[in-house]
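Inspection log for the structure reproduced underneath, given as structure tokens.
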Amino acid sequence: MFKYDDIINDLEMQIAGESCREGDKLPSIRALASRYDCSKSTVIRALEDLKEKHLIYASPKSGYYVMKRSVQRQEEGAHWIDFTVSAPDPDIFPYLDFQHCINKAIDMYRNDLFIYGTPQGLPSLIREMQRQLASYQVFADSRQIFITSGVQQALSVLAQIPFPNGRQRVLIEQPGYHLLVDYLKVYGIEAEGLHRTADGIDLEELERIFKTGEIKWFYTVPRFHNPLGTSLDRSQKKAIALLAAKYDVYIVEDDYMADLEQDAKEDPIYAYDRSGHVIYLKSYSKIIFPGLRVGVAVLPDVLRETFLQFKRLMDIDSSMLSQAALELYLKSGMFERHRKRLRSCYGERSALLHECIVKNRDDAADKPFIYQASGQLGVHTFLKLHDGVNAGSIIKRLEKKHIRIETANACYLPHFERDHILRLTVSSVKEPDIRKGIEQVIREIK
């Protein structure tokens with residue numbers, strides 16, 4: 001089974017990449033069996049799967065050939081290298097697999113999908129999600145699990161509902177999730193910022209803020225932070241959980257990139273929570289495709305009824321069809337195969353991004369910016385510019401060369417002092433474009 005998955009994932013990535021063109025012939029069945037050290041029957045099964053997905057076609061007595069991909073990059077006009085897009089790469093969206101799950105869901109749940117569901121979520125998906133969450137070291141009772149319309153809905157409910165600690169003020173990392181920053185600003189919710197760097201957060205400063213007795217909950221992205229790209233280490237995660245219990249502050253842990261974790265020993269903050277103060281959030285939009293507005297929230301028992309009441313008033317239930325399709329996608333093993341493929345693809349892009357930044361920086365006589373990466377590399381990173389460097393001018397000059405980058409200004413609360421940084425994301429940038437784009441970016445900074 002694992003060899004079969006390796007063949008499928010590897011060939012799909014080659015077909016989606018720049019190395020394969022329409023009409024290219026694939027290696028023979030014997031050559032593929034030798035390459036992947038497996039039987040010919042395993043290779044044939046994988047090729048038939050790719051043929052059913054219309055990614056390849058068979059020519060009698062000749063072999064297998066690459067078909068035109070259903071998602072093509074636009075050939076007309078200038079080609080842009082875009083380091084601002086944080087959505088998954090369309091070329092690796094699991095279109096056909098998920099389409100199959102949608103069709104199957106309509107057949108299986110035809111009596112349930114076209115009526116109002118339950119505010120907590122589709123019961124069968126919650127049961128499957130309970131098993132899925134355990135793989136992230138999040139062990140929860142099914143009563144604690146809520147299916148939401150993306151993480152944004154969960155955050156909006158949490159920002160509005162009263163908490164047992166009776167407080168109103170929200171603490172958010174700076175830089176932090178820009179849509180949460182906007183939400184807090186638009187709805188006039190009191191918010192405070194806590195500086196985060198590539199090394200993490202200052203735990204003494206966190207404790208000082210918690211001590212004030214004003215903080216309702218603290219929002220953090222422990223893994224593969226956007227825009228910094230770095231992760232909190234184990235000692236910081238344990239310390240956050242202990243401080244939350246000590247000062248009765250809730251932690252809202254947004255683990256949206258958990259599926260990219262390579263180290264099985266790295267657990268979320270939730271795994272260290274012994275007092276019921278950690279709320280765990282997970283999104284599937286960033287790992288499958290953005291149009292799938294399905295997220296999951298794991299809540300302490302004391303918040304269940306209030307959260308349920310507010311969510312019911314907000315949308316009655318999340319999309320039943322999307323929930324049913326996701327349930328089948330998780331159950332079938334398709335998600336695990338997609339996750340493995342995504343880890344490999346994003347891992348290669350992240351490593352290449354790091355390599356290109358270091359090489360082009362070190363080639364300069366002086367270091368025109370500060371770059372710091374620690375631990376596992378993510379698809380996001382940042383360059384800290386020296387004082388006096390005009391970021392706006394750099395962005396405009398790069399646009400003339402059809403390269404898009406941006407500052408992290410939108411990730412800061414209005415009153416918080418901003419770091420002078422450029423953010424870079426390679427989730428949708430192909431490898432040749434990473435090399436070319438980073439070279440041009442650093443040249444303009446110089």
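Basis for what follows: all heavy atoms, side chains included, without hydrogens, waters or symmetry-related copies. The first residue of the sequence shown is numbered 1, and numbering continues consecutively from there.
Checking Ser39 against Ser41 by side-chain atom types alone, a donor-acceptor pair falls below 3.5 Å. A side-chain donor from one of Asp259 and Tyr136 sits under 3.5 Å from a side-chain acceptor of the other. For Glu406 and Thr84, the side-chain atoms include no donor-acceptor pair closer than 3.5 Å. Between the side chains of Tyr280 and Gln144, not a single donor N or O lies within less than 3.5 Å of an accepting N or O. In the model, Tyr329 has no side-chain atom that pairs as donor or acceptor with a side-chain atom of His100 under 3.5 Å. With no hydrogens or angles considered, no side-chain donor-acceptor pair links Gln174 and Asp419 at under 3.5 Å. For the residue pair Ser142 / Gln130, no side-chain donor-acceptor distance below 3.5 Å is found, with atom types taken as modelled. For the 3.5 Å distance criterion, the side chains of His79 and Asp433 qualify, holding a donor opposite an acceptor.
Taking 4.5 Å as the limit, some side-chain heavy atom of Phe310 sits within range of a side-chain heavy atom of Gln160. Using a 4.5 Å heavy-atom cutoff, the side chains of His225 and Glu173 are in contact. Proximity of Leu133 to Phe139: side-chain heavy atoms (C-beta onward) are nowhere separated by under 4.5 Å. Annotation: side chain of Asp97 is not in contact with side chain of Phe335 (no heavy-atom distance under 4.5 Å). A heavy-atom distance below 4.5 Å is not found between the side chains of Thr407 and Tyr412. For the pair Ile240 and Leu232, the minimum side-chain heavy-atom distance is below 4.5 Å. Side-chain contact between Met257 and His380: present, with at least one pair of heavy atoms (C-beta onward) separated by less than 4.5 Å. Side-chain contact between Gln137 and Glu266 is absent, with no heavy atoms from C-beta onward closer than 4.5 Å.
A salt bridge links Glu355 with Arg435: the closest approach of a Lys/Arg side-chain nitrogen to an acidic carboxylate oxygen falls below 4.0 angstrom. At a threshold of 4.0 Å, the pair Arg131-Glu128 counts as salt-bridged, since one of the basic side-chain nitrogens sits closer than that to a carboxylate oxygen. With respect to the salt-bridge test (charged N to carboxylate O, under 4.0 angstrom), the residues Lys340 and Glu336 do not qualify. Ion pairing of Asp255 with Arg223 is present here, as a side-chain N (NZ or NE/NH1/NH2) and a carboxylate O approach within less than 4.0 Å. Between Glu399 and Arg404 there is no salt bridge, since no side-chain N of the basic residue sits under 4.0 Å from a carboxylate O of the acidic one.
The aromatic rings of Trp80 and His402 sit perpendicular, their planes meeting at an angle over 60°, well past the 30° parallel limit.
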Decide side chain to side chain contact (heavy atoms under 4.5 Å, CB included) for Leu122 and Ile126; before the verdict, give the C-alpha distance in whole Å, the side-chain angles of both, and the deciding distance to 0.1 Å. CA-CA 6 Å; Leu122 184 67; Ile126 289 174; over 6 Å; no
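When each of Val181, Leu180, Leu194 is tested with Tyr219 by the rule side-chain contact (heavy atoms from CB on, under 4.5 Å), just one qualifies, namely Leu180.
For Lys384, the NZ atom sits in a loose shell: 12 or fewer heavy atoms of surrounding residues, nucleotides or ligands are nearer than 6.0 Å.
Between the side chain of Ser332 and the backbone N or O of Leu328, at least one donor-acceptor pair lies under 3.5 Å.
In this structure, the separation between CD1 on Ile405 and CG on Asp82 is 10.5 Å, given to the nearest 0.5 Å.
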